[in-house]
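The shown structure was predicted, so the numbers you read here are calculated from the model rather than taken from an experiment. Heavy-atom basis, side chains included; hydrogens, waters and symmetry copies ignored.
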Amino acid sequence: MARGPISGLLSGPALQSWMTVFIAVVTQALPFLVLGVVLSAVIAVFVPPSFFARALPSRPGLAVPVAGAAGAVLPGCECASVPVAGALVRRGVTPAAALTFLLSAPAINPVVLTATAVAFPGNPEMVLARFVASLLVACAMGWLWHRLGRADWIRPPARPSTDGQSRATAFWTSVRHDVLHAGSFLVLGAAVAATLKAVVPEAWLAAVAGNPVVSVLALALLAVVLSICSEADAFVAASLSQFSLTARLAFLVVGPMVDLKLIAMQAGTFGRGFALRFAPTTFVVAVGVSVAVGVFL
């Protein structure tokens, strides 16, 4: 009896658009989430805490830029960087350095920069602008957290104890826990992103593209809403040709650092209070740095 009404509801264009965006975001992000979870488990089980004491400067102010530069070696998106950053904090890395890595890794790694170069063949300065702006934002947030952040703002959820287990057992226990935990927040963020994408009229883009200030804010907010993987967002930015290069730079810088699925995953990894403070501040800093770098370059 219910099959007819349900089939009609599911075949509607709005719901079809919602399902397309939702499945695309989850499918695109899930492999990188698993990559990040595996790296997180490797760090938690196989890497001794003394390694980080040797690899990073003892002073947090110097550890921040080192962690930012280290983000260039992880070829993944923001879904991979969140669990890795969580593992770094649990292994004793100063939160300022771990958060710097969280922001820089999905924005300045070689895969993302190569994709940006391919998407903007006529504007090679976009690659340099994205690298410089993203690294500046990551370091600025790391230093800001070092100066103003509080330890009680980071409240990671309880994790299963691995005491007395073999390394292999502890590794798979950590992987299973993090995939289920972080994956649930990924699904939640993807659902919100799909809902907003389905209800925002595309005609609004053309109306705001002519205003320099509004266009930057519009594309920055669009990056938050769309929640596109950092390895694919350059092609979306390139398609928004009605907007200025500076506005599209803001789209590329904000997206890997602040989007709906990332906010949900940060809340699940570090606590809701952390996400409510960290995400809005990162958004403001990212927009400001993008405008400054865009005007200069």
Side-chain angles (χ1 to χ4, degrees), residues 61-74 77-78 81 96-97 99-148 205 208-224 226 228 230-259 262 278-297:
L62 295 178
V64 164
V66 173
V73 302
L74 179 64
C77 71
E78 57 272 23
S81 66
L99 296 178
T100 301
F101 177 85
L102 182 151
L103 296 178
S104 69
I108 65 172
N109 71 71
V111 177
V112 170
L113 296 180
T114 301
T116 305
V118 174
F120 291 90
N123 302 102
E125 68 274 13
M126 285 295 289
V127 179
L128 176 62
R130 182 174 196 177
F131 175 84
V132 172
S134 300
L135 185 58
L136 287 176
V137 173
C139 291
M141 288 303 301
W143 284 320
L144 191 62
W145 181 269
H146 173 59
R147 296 287 298 177
L148 303 177
L205 294 178
V208 302
N211 188 306
V213 176
V214 177
S215 64
V216 170
L217 293 176
L219 284 197
L221 291 173
L222 185 65
V224 176
L226 292 183
I228 303 173
S230 62
E231 297 181 351
D233 59 0
F235 299 96
V236 176
S239 69
L240 300 171
S241 56
Q242 66 268 45
F243 289 86
S244 66
L245 288 177
T246 298
R248 285 184 278 178
L249 176 62
F251 179 89
L252 295 176
V253 174
V254 170
M257 299 184 179
V258 188
D259 64 33
L262 184 56
F278 191 74
T281 307
T282 304
F283 179 85
V284 173
V285 174
V287 171
V289 172
S290 298
V291 172
V293 173
V295 170
F296 182 76
L297 293 179

Atom [atom1] of [X] and atom [atom2] of [Y]: how far apart are they, to the nearest 0.5 Å?
{"X": "Q242", "Y": "R248", "atom1": "CD", "atom2": "CZ", "value": "8.5 Å"}
{"X": "L128", "Y": "T116", "atom1": "CG", "atom2": "OG1", "value": "11.5 Å"}
{"X": "R130", "Y": "L252", "atom1": "CZ", "atom2": "CG", "value": "4.5 Å"}

For [X] against [Y], the heavy-atom pair lying closest together:
{"X": "V285", "Y": "A140", "result": "CG1-CB, 4.2 Å"}
{"X": "A238", "Y": "A119", "result": "CB-O, 3.4 Å"}
{"X": "A97", "Y": "A67", "result": "O-CB, 3.2 Å"}
{"X": "T100", "Y": "A96", "result": "OG1-O, 2.7 Å"}
{"X": "L135", "Y": "A69", "result": "CD1-N, 4.2 Å"}

Distance-only criterion, 3.5 Å: show the donor-acceptor pairs between side-chain atoms of residues 209-220 and protein atoms not counting sequence neighbours.
{"from": "N211", "atom 1": "OD1", "to": "V213", "atom 2": "N", "distance (Å)": "3.0"}
{"from": "N211", "atom 1": "OD1", "to": "V214", "atom 2": "N", "distance (Å)": "3.1"}
{"from": "S215", "atom 1": "OG", "to": "N211", "atom 2": "O", "distance (Å)": "2.9"}
{"from": "S215", "atom 1": "OG", "to": "P212", "atom 2": "O", "distance (Å)": "2.8"}

- Task: Quick one: list whatever passes side chain to side chain contact (heavy atoms under 4.5 Å, CB included) with S104, sequence neighbours left out.
- Result: I108, A138

- Who are the side chain to side chain contact (heavy atoms under 4.5 Å, CB included) partners of L136, not counting sequence neighbours? V132, V289, V293

- Message: Does any part of the side chain of V284, heavy atoms only, come nearer than 4.5 Å to the side chain of T281, both counted from C-beta?
- Response: no

- Task: Give a yes or no answer on whether the side chain of W143 reaches the backbone of V64 with a donor-acceptor pair at less than 3.5 Å.
- Result: no

- Can you sort out the partners of S290 under side-chain hydrogen bond (donor to acceptor under 3.5 Å, both in side chains), two or more places apart, ordered by chain and number? none

- Decide side chain to side chain contact (heavy atoms under 4.5 Å, CB included) for D259 and L262; before the verdict, give the C-alpha distance in whole Å, the side-chain angles of both, and the deciding distance to 0.1 Å. CA-CA 5 Å; D259 64 33; L262 184 56; 3.0 Å; yes

- Query: Should L103 and F278 be marked as a side chain to side chain contact (heavy atoms under 4.5 Å, CB included) after you check the CA-CA gap, both sets of side-chain angles, and the distance that decides it?
  - Reply: CA-CA 11 Å; L103 296 178; F278 191 74; 3.8 Å; yes

Without placing hydrogens or testing angles, list every side-chain donor-acceptor pair under 3.5 Å for residues 120-127, not counting sequence neighbours.
{"from": "N123", "atom 1": "ND2", "to": "E125", "atom 2": "OE2", "distance (Å)": "3.4"}

- Message: Holding to ring-ring contact (aromatic ring centres under 6.0 Å, His included), I want the full list of residues that pass it with F251, two or more places apart in sequence or in another chain.
- Response: none

- Among L221, V137, L222, V287, find the one that has a side chain to side chain contact (heavy atoms under 4.5 Å, CB included) with V254. V287

